[in-house]
Structure formats: structure tokens, C-alpha cells
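Below: the structure, in C-alpha cells.
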Number of protein chains: 2
Amino acid sequence: MKNVSQTWNQHVVKKENKALVLDTIIKRAPISRATIAQITGLNKGTVSSLVSELLDEKLINESGTGESSGGRRPVMLLLNEKAGYTISIDLGVTQILAVLTDLRGTIIIEKVQQFENDNLDVVQTHLYNLIDYMITHAPTSEYGIVGIGVGVPGVITTEGEILLAPNLGWKKVPLKQMLVDRYKLPIIIENEANAGAYGEKMYGVGQLSNELIYASVSIGIGVGLILDGNLYKGLRGFSGEIGHMTIEKDGRVCRCGNKGCWELYASEKALLEQAKELGFTHPTITSLIEACESGNEKAIRLFEKIGDYLGVGITNIIHIFNPEQVIIGNSMQIADAYIIPAIKKRIEQNAIGFNKDDVHIHVAKLKHHSTVLGIAAFTIENFYLTNRESIIATTE
Amino acid sequence: MKNVSQTWNQHVVKKENKALVLDTIIKRAPISRATIAQITGLNKGTVSSLVSELLDEKLINESGTGESSGGRRPVMLLLNEKAGYTISIDLGVTQILAVLTDLRGTIIIEKVQQFENDNLDVVQTHLYNLIDYMITHAPTSEYGIVGIGVGVPGVITTEGEILLAPNLGWKKVPLKQMLVDRYKLPIIIENEANAGAYGEKMYGVGQLSNELIYASVSIGIGVGLILDGNLYKGLRGFSGEIGHMTIEKDGRVCRCGNKGCWELYASEKALLEQAKELGFTHPTITSLIEACESGNEKAIRLFEKIGDYLGVGITNIIHIFNPEQVIIGNSMQIADAYIIPAIKKRIEQNAIGFNKDDVHIHVAKLKHHSTVLGIAAFTIENFYLTNRESIIATTE
DNA sequence: TAAGTTTGTCTAGTGAATAAACAAAGATGA
DNA sequence: TCATCTTTGTTTATTCACTAGACAAACTTA
């Protein structure tokens, strides 16, 4: 969380300390009041009073006693992850993945809806149906559905409008407004790569890292930037269009208007187009991987070529950001065995030593759930935040 | 400023509010206590007491009374920019620029030392001499020299070690340690582009912008990133090596080991090399500009070509960061009349509309002082920060 | 069983902010 | 000119969150 210039008073102190206590419980549960006091540096009495408020708000639970360490046995505290639920959605190009998660980001219900017609009306109906289904089937809880979030493969403004979703053929869809109007709940709309980055940071392979870049490699390439532990969105939310970074000056023209864009050479689309040229009929990533597994040299070399181009872009990313991790996600990740070595080889050969030494290349740990869990994390974070705010507001 | 997880208590509240009051005075001086209370939202009494402490610490001054707005005339408060001085240095490849600044970043003394031998011992002697000169000639003040900072064209660790300064031929120079040992003062060592970015943000063309990218175009290209209003340095401080971003896959080999690096095509070095190929003898940026001014078509087209290549890289930057400003600094900036149109043309043609619409391309307002004033800004910020800390510490 | 340890609560005290009263200094208008 | 209104800045009483330390409860160890 960032703090802009603001005035500080005891309300803020309490709010921040309460957040700190809750955060400590989330991260280290089960944990006793005494241990929280030790870790945070807060006084035991302060922790006691904040914990008792959190208990009143049903955000945490007491769970019996823990092991004695030579004295009175501690009362262990747990996050009450069943206090509310999120509805989190990954809106893809051919399907919608919808999940209901608890407040710890655990998936309770999962549902997929395929679609062939990407007309807005059609997709919207599927979307509403999925959300309605989740609302109906969510367990009863203290706070109910605490928010709905959607990850979208497109350019999203900070106001939650889809400016452009090229692979869906959508322009200027005020999705956030539509969902707010219909459901009267907190709504989060986020770019699919941004959400994926946050998902991996919160629940995936990036949990210990504050500087990570998530490359969503699918039909195109989108990138989510976690810098200083926070999602970086740029001035209006359009950061991470690294798929349209030129890696061949005056190379092939991209539909975006630019030339030599990275995603023309390193995306799933590039892979499948080149596979066709090599004589594969109706290739898919899966079919090409199968070809590799049965020893097809053409397929293996094709993946190496794509991996090499991915490596060129990732080398750029390493030079630009000096990240700790670069994570490959989305549909291309399943080819990791065939592309990762090529990526690493290119980085090894081309990246500057200082930057190269720090960085780890990983595949998304959450597989196809990166985006949906990132969305859940945004919603959960927003819930705890506004929940605190409103409690402060009503107390005043 | 970022706040990591920490406990909050009234000491912190006071510290932050005092910082807020001081910051308000710096930004809006001359200003009355009453106006500060209005702007910050703090109570009049709180402001009064914090202001009186700042007066005691000689960090601010009262300056007579202002105009009445229908009642008692206000007592105006000013920053006491003469409470201390910084020594700020831009360590270049052929010269050292040293300045003494007050706490508002105003240059009091400026001195340049040319050198031809870039041997560490020789440069170090020049550096020490310049610093000693500034110390001797600084006006007496409450806090004296509050810190020394050096901007270096190279890779600097967060610990202030120069890992590599290619154009000086230096490796592993523990500059911070050397200066700390010698001067026993707060020392800041920072990459020249990072400092330039901060200089333009604090005192230059970027004062109203929180998302800006500063491209230092000289022999090579280095980039400083201001994201969310803060300098972004990456995991170990090596961000912004965008000069070594590939814009021609498998293009010319760069001395960094990578291929097709941006700075091979868009730097001063590229300009001068190509000028030689075009028949210019001993070309310099200045001589080439003069050629342009007397209508030399070759020179004009050369700058256009360099500008075009700069535009390719800047288009990438725009796609990656969605910045509000891109600022061209360092030696190439004086050719603005001949490169900026080409840069803008390339952006206009190639950048994605959403990102393109927001961005402004500027030339560094501080000219050759961007780096040195950025260094000063770091030192000043550090002074106010540690000054507050220590006051809190001694009060406790 | 006694002594020591750990946990969690309670109480008194501290310090920083706020609200409100107040004094000082000027503006305004009959 | 003088009474009234405005604005500025200080002072005072009050509030609130945290801290230190006392204390009771619960457990371990010898």
C-alpha cells in the first residue's frame, strides 16, 4: 500500500495497526496474541484489544489452545476465511472461467463456459449466468459475496472500462458500470496479465518476491508488472503492452500499427502460424507438444525458435526492470519443457551479467488459475480495506 | 515515500505530520499557519506547535506579515534554505561538474574540472579537490554540509559501489565507502540517468508528473524511471539499462554481449560514427548542429535517422510504462530541434493510440544540470528525513 | 507441591491531535 | 471615529490510542 501525503491521527494509527494484526494472522496462522505482539512490536494489550475487535467482526476465529512453551498455553487465532466469498472470473477468448473463492483465495466452486460467438450480448449472458450461479450456490456467510472481479484480455482503463479487447473484437465496453448496476457490489475489472501477475505474487511462485514480471503468452503477449510489491499500471492503466515492444525495427507490421512487435515472433499465434508453414495441419499447442514428445524434430525446433524469441523480449525486460523473477503464464506455459531451455540460453548469452545473475525464470505455479486468483486477491484486499474504512467511519 | 508494514504510534504520527507541514511550506512558501491548516486538514493548534518546532530547528523562517484577507494579517513562513548545503557532483567521462547547492536546490557555487586521463587515482584526486573546495567555500550555516552525492555513468549497487563504469573503464569501485571514510558525511552514489530523472522530476520539466521516464542520451543511453513519483531501481539497483534493449534481433553485437542494442543505433556514439562514414571529419554534436544550421542536408538527415531510432526505443518505453512524460537529457538534448520531430513522427506512426495520447515528449529543462540537481534532491531529502528521525530519537 | 514461565487482561499514565474559547490585529461601514 | 465583523494564531480542556507494568490464570518443571 502506498501512502500519499495525508494527515495522521490516532484513527489512522488504529486502522493501520489493525490491518497489521490481521495481516500477521493471515500470513502466520495459527498464531497467538503473544506472538503477534512479539512480531509486530505492538504492546500485548494493544494486540488484545485489536484482536477482540477482529473477533467481533467475525474476520478471525479462536481455535482451541496451542502447545505450551513452558507456561500457560496460548489461544491460537485463525483467519475466518469463510466470512465472505469472492466471485472471480477469467474472461478468455473462447471460454469464461468462473470461480467462487473464500477469503483465503481457496477455490470453492469452479465452472467453465465455452463460447464460439464472441458477440458482446452472447458473452454477457454467459457471464451473468455464471455470476448468478455463483451467487446462488455460495455458502451463507457473515459478509456474503464481498465482490466480483473480471480479468479481461484487453486494454482496461483505471475506471474499469474495456477500451479494446482485440481478440474478442470489443471496443469501449463499460463492463464495471454494467456489473455495478446489475449487482450493486464492489466490482474489479483488470487486465488479464495484470491479474495473473498479482495471482502469482499472492498465491503462486512469486510469494517471496517483490520485483516480478509476469508474461502472459497466449494468442498475444501481455505483461503484468509487480514493482516494489505492487501492481504497476502506469498513468492510465495501460502499462505492460510489452507484446508491442519492437524487437525488429521496421519488421513485420503488427495490427497495432507498430512494426516488429515482440508478439509477432513469440506468441501462440506465431507458433501456430509457423507450424502451419511447416506442414502441421490444424496445429494446437497441445498437438505440437505431443509431436515433440514423439520426437518430431520440426516441432522441437519450432518451440526452440519461439523460446528464443521469448528470450529476446525477456532479456529486454531484465535490462529494463532488473526483476527478481520472470514468470511465464497463460496458454504457452504448458510447453515449458521445450521453450524454457531456449529462453534461458538466450538470456545466458545476451543479458548483462549484473542483471542476469539475479533473475529467476519460472512457469506460473497456479497454471490456468493465475488470472482468476489474482482477481480474487484484488477483491479480497479491497474487502479488508473498505471493511476497515467503514468500521472507522461508523465509529467516528 | 513507501510505508512497509510497521507499527504506528503517536511518535510516527507526529513525525509524519511534521514532514507534511514542512513539505507544504517548501511547496507553497510563503504561506501562513492558517493556510497550512486548511491545506493539510490539520488543526490550527497542531500546525502552530509543529511550526514552532521547525522554527526552533532553524529549518524554516518567519518573514514579516502578508496581506490581510479581511482580518488579522498572517505571519508568512518560508523555508530556511540556507540552513545547510549539499555538495553535488556529476562525474562525467571527460569532466567533473561539482556544485554547492542550498536546501532548495539552488546552485551557489559551480565548478568544472576537465580530465583526459580517466585513471581512478587521477579522477579521485580531482574529485577530492573539488569537494574540499566546496567545503571550504560553503557559507557557514546551522547544519553545514548536509551530505555529498555523486552521479556516475555506470552500474551502481544499492550499497553505493560502482560495479562497472564502461566509459571510464572502472570496475568495482567502492566510491561510497571511500567518501564516507574521508568525509564522515551522508553520501549518496547514484546512476547518472537515475539522478537526472529525479532532477527533472523535482526541479525541471517533470514537476507535475508522477510517471516519467528520463532518457539520458550521450555516448550510451541510460534511463531513469520515475514510477508513482518515486525512482524505481529494481531488485539490486540495475533497472533502466534500456540502452541495452534489443531493437534489432540478432543485430550488431554490442560490447555488453547482447545484440541489436538500442544505443548502437540511437546514441551520440552512433551519431558520430555515422557522421564519420558520411565524411565529416572529427564530428561533434555541436559541429553537426552547426552543419544543420547552415543547411547541410547530410547532417539534417543523419539527425533524423538518429531521432527515428530514438523514437523506436521511446515507443517501446511508451508501450511498457504508459508514462506521462518522456524526457530527453544529457548531451544529445542540444540537438532537440533536429531529433524531436523525428522522434514524434515515429511515435505518431507506431505507438498504440491509448498510450500515445497521454504522453508528452520533452527536453530536459535543467540542461546539463539535471543529474547534479537530482543528486542534490536526494541529499536534501535524505537530510530532512534523517534530521526528523534523530529529533524523534533524542526526544524519546 | 512449590517455584518459575507464559499468556492474556486490566489499569494508570503518556502524548499527540482536536475542538473550542480567546486574544490580537486588521477590515468595514454607518 | 467607533463598533462590529474577520482572520490569524495561541491556549486550554478533552479525547483516544498506545505503552508499561501489575496481575490472574494456566501450564511446566524439579
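In what follows, every heavy atom counts, from backbone to side chain, and hydrogens, waters and symmetry copies are set aside. Chain letters run A, B, ... following the sequence lines, proteins first, then strands; residues in each count from 1.
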Margin query: Parallel, tilted or perpendicular: which one describes the rings of F378(A) and Y198(A), with boundaries at 30° and 60°?
Written below: parallel
Check: If you round to the nearest 0.5 Å, how far is CG of L212(A) from CD of Q207(A)?
Finding: 11.0 Å
Margin query: Please report the distance, rounded to the nearest Å, between CD in E16(A) and C1' in dA17(D).
Written below: 14 Å
Margin query: If you take the centroid of each ring, where Trp contributes its six-membered ring, are F321(B) and Y232(B) closer together than 6.0 Å?
Written below: no
Next item on the list: Using atom CZ of R33(A) as one end and atom P of dA24(D) as the other, report the distance to the nearest whole Å.
Entry: 20 Å
Check: In chain order, what residues pass the ring-ring contact (aromatic ring centres under 6.0 Å, His included) check against Y85(A), with sequence neighbours excluded?
Finding: none
Next item on the list: Identify which nucleotide among dT8(D), dC18(D), dA17(C) has an atom closest to any side-chain atom of T46(A), counting heavy atoms from C-beta outward.
Entry: dC18(D)
Item checked: Nucleotide of dT18(C), dA17(C), dT19(D) approaching N43(B) most closely (side-chain heavy atoms) -> dT18(C)
Notebook entry, point to check: K15(B) NZ to dA17(C) C1': how many Å, rounded?
Noted result: 18 Å
Notebook entry, point to check: Within the structure shown, what part of the strands sits under 4.0 Å from S32(B) by heavy-atom distance: base, sugar-phosphate, or nothing?
Noted result: sugar-phosphate
Notebook entry, point to check: Once you round it to whole Å, what is the distance between P of dC16(D) and CG of L50(A)?
Noted result: 16 Å
Next item on the list: Check whether any side-chain nitrogen or oxygen of H11(A) sits under 4.0 Å from OP1 or OP2 of dC16(D), and answer yes or no.
Entry: no
Notebook entry, point to check: Closest to the L42(A) side chain: dT7(C), dT19(D), dA17(C)?
Noted result: dT19(D)
Next item on the list: Kindly state which residues belonging to residues 67-75 of chain B come within less than 4.0 angstrom of DNA chain C, counting heavy atoms of the residue only, listed by number.
Entry: S68(B), G70(B), G71(B), R72(B), R73(B)
Next item on the list: Take the protein atom CE of M76(B) and the nucleotide atom C1' of dG9(D), then report the distance between them rounded to whole Å.
Entry: 14 Å
Margin query: Using the side chain to side chain contact (heavy atoms under 4.5 Å, CB included) criterion, which residues pair with S52(B)? Sequence neighbours excluded.
Written below: none
Next item on the list: Going by the side-chain hydrogen bond (donor to acceptor under 3.5 Å, both in side chains) test, name the single residue among T106(A), N61(A), D102(A) that passes it with K82(A).
Entry: D102(A)
Check: OP1 or OP2 of dA17(C) less than 4.0 angstrom from a side-chain nitrogen or oxygen of N17(B), does that happen here?
Finding: yes
Next item on the list: Measure the shortest side-chain to side-chain distance between I226(B) and L231(B) over non-hydrogen atoms and say whether it is less than 4.5 angstrom.
Entry: yes
Notebook entry, point to check: To the nearest Å, how far apart are L20(B) CG and dA16(C) C1'?
Noted result: 15 Å
Notebook entry, point to check: Which nucleotide in the list dT19(D), dA17(D), dT10(D) gets nearest to the side chain of Q10(B)?
Noted result: dA17(D)
Item checked: Residue met sooner reading DNA chain D from 5', once S49(A) and K44(A) are mapped to nucleotides -> S49(A)
